[in-house]
Amino acid sequence: MELSTLIAQWSGKLPPGFVPQAVLRDEPPRCAQPRCSKPASRKPDGGYWKSCDSCRTRRAASCKRRRAALVAEGGCRRCAYRKRLEGDFLCQRCRDDRNIERAQKRQDAIDATAIDDFAARPDRAHEPSNLDCGVSPWNARAPREASAAYWSPLPDPEPREDREWAKPLVDNGWRYRRH
């Protein structure tokens, strides 16, 4: 399998240079905004947006103005709707989301490096070792040291003669006879 295809399947992103099949249509769809009958504008990948360019820029400017007003009133700089944390410019939810995104990006970079290292190695059978199990000379458990308790026998919980359950009810010594 191609390495770029494998990475694309694993990461959920299209491989670089991938061109999707073009939709062959006679005319573009109409703008979805009310009171507008222009054709919808084309996306860079060949598809169509829901609205025309003028409606898209107008709605984007409106959204930008509304968000700027909410941020000026003390809203979060990322979502603009929730209150900011004390001494911060993000709300708690956006801060948590950002930390998750950063951790995911970091993990993706680590995974991509591991995939690249694996792909750069020549094909050979895997030689298993203790390192596969996470055991190494640096994190191995220290050897046990014998103490006095190790050498001394454990005390018998009850005398042997009181352990009637260990003796058979009828014992005529048949185990020790040859015939």
Side-chain angles (χ1 to χ4, degrees), residues 1-33 38-68 70-72 74-146:
M1 182 182 276
E2 192 70 29
L3 182 64
S4 62
T5 310
L6 182 69
I7 292 172
Q9 286 179 345
W10 176 78
S11 66
K13 296 177 186 145
L14 291 173
F18 179 81
V19 179
Q21 292 283 332
V23 179
L24 301 173
R25 301 180 76 166
D26 296 299
E27 77 277 341
R30 298 282 120 215
C31 177
Q33 303 306 319
K38 294 180 188 170
S41 56
R42 192 178 278 278
K43 288 183 182 178
D45 65 358
Y48 288 99
W49 296 108
K50 296 262 191 272
S51 307
C52 64
D53 278 334
S54 56
C55 289
R56 286 179 55 233
T57 53
R58 178 175 47 79
R59 286 169 62 86
S62 164
C63 189
K64 198 172 181 181
R65 281 193 307 272
R66 187 179 72 245
R67 288 173 62 88
L70 289 171
V71 169
C76 170
R77 280 248 215 69
R78 192 173 190 217
C79 68
Y81 295 107
R82 287 178 291 277
K83 207 73 179 156
R84 285 190 285 227
L85 289 174
E86 190 64 39
D88 200 355
F89 57 88
L90 294 177
C91 64
Q92 185 63 50
R93 185 162 152 195
C94 288
R95 175 160 290 284
D96 294 344
D97 288 350
R98 192 183 67 176
N99 290 345
I100 290 168
E101 287 164 10
R102 284 181 176 173
Q104 186 63 50
K105 204 177 277 186
R106 197 175 305 121
Q107 189 60 48
D108 287 349
I110 291 169
D111 293 344
T113 306
I115 289 173
D116 292 345
D117 292 348
F118 179 76
R121 282 197 310 232
D123 288 342
R124 59 181 173 77
H126 177 65
E127 294 126 17
S129 71
N130 276 342
L131 295 173
D132 296 335
C133 307
V135 178
S136 78
W138 292 276
N139 71 358
R141 191 178 290 138
R144 290 191 304 276
E145 294 184 20

Task: Distance, nearest 0.5 Å, that separates CZ of Arg66 from OH of Tyr81 - done: 4.0 Å
Task: Distance-only donor-acceptor check, side chains Arg58 and Gln33, under 3.5 Å - done: no
TODO: Specify the closest pair of heavy atoms between Ala40 and Trp49, including all atoms of both residues, with the distance to one decimal.
DONE: CB-O, 3.1 Å
Open item on the list: Is there a side-chain contact between Arg102 and Arg98 in this structure, where contact means two heavy atoms from C-beta onward sitting under 4.5 Å apart?
Closed with: yes
TODO: Compare all side-chain heavy atoms of Cys63 with those of Arg67 and state whether any distance is below 4.5 angstrom.
DONE: yes
Open item on the list: Just checking Lys64: does its NZ atom have more than 12 heavy atoms from other residues, nucleotides or ligands closer to it than 6.0 angstrom?
Closed with: no
- [ ] Mind listing the closest non-hydrogen atom pair of Cys94 and Arg82 along with its distance?
- [x] SG-NH2, 3.8 Å
Task: CD on Gln92 to CZ on Arg95, rounded to 0.5 Å - done: 7.5 Å
TODO: Grab the two heavy atoms, one from Pro39 and one from Cys52, that are nearest each other, plus how far apart they are.
DONE: O-CB, 3.4 Å
Task: Distance, nearest 0.5 Å, that separates CD1 of Ile115 from CD1 of Ile110 - done: 12.5 Å
Open item on the list: To check you understand the geometry: which heavy-atom pair defines the closest contact between Ala80 and Val71, and what is its length?
Closed with: CB-CG2, 3.9 Å
- [ ] Write down the atom of Ser51, the atom of Cys31, and the distance for their closest heavy-atom approach.
- [x] CA-SG, 3.7 Å
Open item on the list: To check you understand the geometry: which heavy-atom pair defines the closest contact between Arg30 and Lys38, and what is its length?
Closed with: NH1-C, 3.5 Å
Open item on the list: What I want to find out is whether Asp96 reaches Arg93 closely enough, with some N-O distance under 4.0 Å, to be called a salt bridge.
Closed with: no
Open item on the list: Just so I know, are the side chains of Asp97 and Leu90 near enough to count as touching, which here means a heavy-atom distance under 4.5 Å?
Closed with: no
TODO: Kindly indicate whether the side chain of Arg84, heavy atoms from C-beta on, has any atom under 4.5 Å from the side chain of Arg77.
DONE: yes
